[in-house]
Number of protein chains: 2
Amino acid sequence: MPKPTFFNLPAEKQEQIFRAAVAEFAAHPYAAAAINRIVARAGIAKGSFYQYFHDKKDLFLYCLQRIGEEKMAYLAPVLQRAQALSFFDLLQELFVQGVRFVQDHPAYGAIGRRLVVERHPDLDAALREVSAQGEVFYRDRLEQAVARGEIRDDVDLALLAFLLNRLSGLLVEYHLERAGGAYDEQMLATAGQFIRLLRTGMEARPDAERRAASYPSPHPSQGEAP
Amino acid sequence: MPKPTFFNLPAEKQEQIFRAAVAEFAAHPYAAAAINRIVARAGIAKGSFYQYFHDKKDLFLYCLQRIGEEKMAYLAPVLQRAQALSFFDLLQELFVQGVRFVQDHPAYGAIGRRLVVERHPDLDAALREVSAQGEVFYRDRLEQAVARGEIRDDVDLALLAFLLNRLSGLLVEYHLERAGGAYDEQMLATAGQFIRLLRTGMEARPDAERRAASYPSPHPSQGEAP
DNA sequence: CTTTTATGTGACCGCTCGGTCACATTGTAC
DNA sequence: GTACAATGTGACCGAGCGGTCACATAAAAG
């Protein structure tokens, strides 16, 4: 938790510091992220920084909390409708909003990815909390969907919750790498394909099944192979 | 590429240095990995190190190449049978061998994960090469499988190749996090569930389809939710 | 032996790091 | 004005970094 001094600062200055920190943590692994660069970018003295935060870890966790709040703000409209949506509609909405979030805040995405992969004592507790949160959420939704008969009852829900929690990150990465990242039709098509794969799998099947699986765009006009 | 001096070393000593480097790169982000610790662990003088390698990047790329060779050795038996196997059998074998590889060499897994997520100028070229390699492989197999009618012809192959390339990493991670990591029945069951999800999806369907999807273990006896 | 060539060595360089501290500046109370 | 508390500041500390270099050692060549 930041020191009280930080919260006494004008909101404008708090934001400057937060933005500088986010940029730094997005650009460098935690261990290599430099307070020196953060204070330079924020336009404050190093001594001042240590009046606001106890140490680097304190700053990082503050950033993580802020990012989490912003993400929740993105997801809130969807979450409110969660009960009213079918599981796959919910999934689609969550993925789409997830892509939008990272498109609007690429640095947040970079920090999230680092958090998942990096091994640093300062980060371990935060990582466990964040990923457990996501998995519990998916697990609950999955159980409801199974109860409603939307999802087969013979799948390993723990495995599936784990996968869904990570897949949203992969989808974002794919869209950013290939499509460059606009929030557009192409993105919706990719998300649709993604969901369709999850729903009905990739195996060829008799035609009867095929049509039931259609979603927003059946053919995203991706490049064909030579 | 290491300097000639390195290859003049007794194989034993080369191995000592390689192992020390792998341990360091697995335990720390590239930027934070320390030549000082590597030479200490390898039992050589720092000056000697710079007779063997041009710099840190040189050492890291050498490690990556060695790891790639060892992985190929693991996968070779499967790859040789690739044409004879159905796509999903091939996938199952690849995933299983992938898990085995990381179980036998946890440090290699850690380095691979870092490579995918970390952003460092020294690593960018290597990352692009490695991931492109994997995707091209999957893409080729997918096209063959579509031609053989094993896989529906209306999926976005680029997206699917990307996902498969990453999913193998996720499966490994899941198995290591939950099961702790033995190469055992439990692992085979998880891989089977995984493949089954890919084949037939998670959506509930009329019973006819259900049975066609069975694979090694239909019920992996994962814990039930309260 | 001496010379030459290849290899081993650790003190050292310049730099950056996270974090501290003595002091300067500011704002309010009186 | 003075007094006092809160906040701003950057030089500084010890440590660790990647990388260098003058020199020691050793083996082979003459």
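Everything numeric here is computed off the predicted structure, so don't read it as measured data. Numbered from 1 within each chain, the chains take letters A, B, ... in sequence-line order.
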Choose from [options] the nucleotide whose nearest atom is closest to any side-chain atom of [X].
X     : options               : answer
A:N8  : D:dT7, C:dG18, C:dT9  : D:dT7
B:I35 : D:dG18, D:dT9, D:dG10 : D:dG18
A:S48 : D:dG8, C:dG18, C:dT7  : D:dG8

Whole-Å distance separating the [atom1] atom of [X] from the [atom2] atom of [N]:
X     : N      : atom1 : atom2 : answer
B:I38 : D:dG16 : CD1   : C1'   : 14 Å
A:F49 : D:dT7  : CZ    : P     : 16 Å
A:K46 : C:dA24 : NZ    : P     : 21 Å
B:Q51 : D:dT25 : CD    : P     : 16 Å
B:Q14 : C:dT7  : CD    : P     : 12 Å
B:L9  : C:dT9  : CG    : C1'   : 14 Å
A:Y30 : C:dC17 : OH    : P     : 15 Å

Quiz item: Among residues 54-62 of chain B, which contact DNA chain D at a heavy-atom distance under 4.0 Å?
Solution: B:D55, B:K56

Quiz item: Any side-chain donor-acceptor pair under 3.5 Å between A:Q65 and A:E69?
Solution: yes

Exercise. Would you please say whether a donor-acceptor pair under 3.5 Å links the side chains of B:Q103 and B:R100?
Key: no

Counting the atoms with a prime plus P, OP1 and OP2 as sugar-phosphate, which does [X] contact under 4.0 Å by heavy atoms, base, sugar-phosphate, or nothing?
X     : result
B:F6  : nothing
B:Y52 : sugar-phosphate
B:K3  : nothing
A:A33 : sugar-phosphate

Practice problem: Answer yes or no: is there a side-chain heavy-atom contact under 4.5 Å between B:S168 and B:L164? | Solution: no

Quiz prompt | Aromatic contact, B:Y174 with B:F194 (centres under 6.0 Å) | solution = no

Practice problem: Name the orientation class of the two ring planes belonging to B:Y62 and B:F53 (parallel below 30°, tilted from 30 to 60°, perpendicular beyond 60°). | Solution: tilted

Are any of [X]'s side-chain N or O atoms less than 4.0 Å away from OP1 or OP2 of [N]?
X     : N      : result
B:N36 : D:dG16 : no
A:K13 : D:dT7  : no
B:Y50 : D:dT20 : no
A:R37 : C:dT16 : no

Self-check item: Residues, nucleotides or ligands: over 12 heavy atoms within 6.0 Å of B:E15 CD
Solution: yes

Quiz item: Is a donor on one side and an acceptor on the other found under 3.5 Å between the side chain of B:K13 and the backbone of B:I44?
Solution: no

Quiz item: Which of these passes salt bridge (charged side-chain N to carboxylate O under 4.0 Å, His left out) with A:E24: A:R114, A:R19, A:R37?
Solution: A:R37

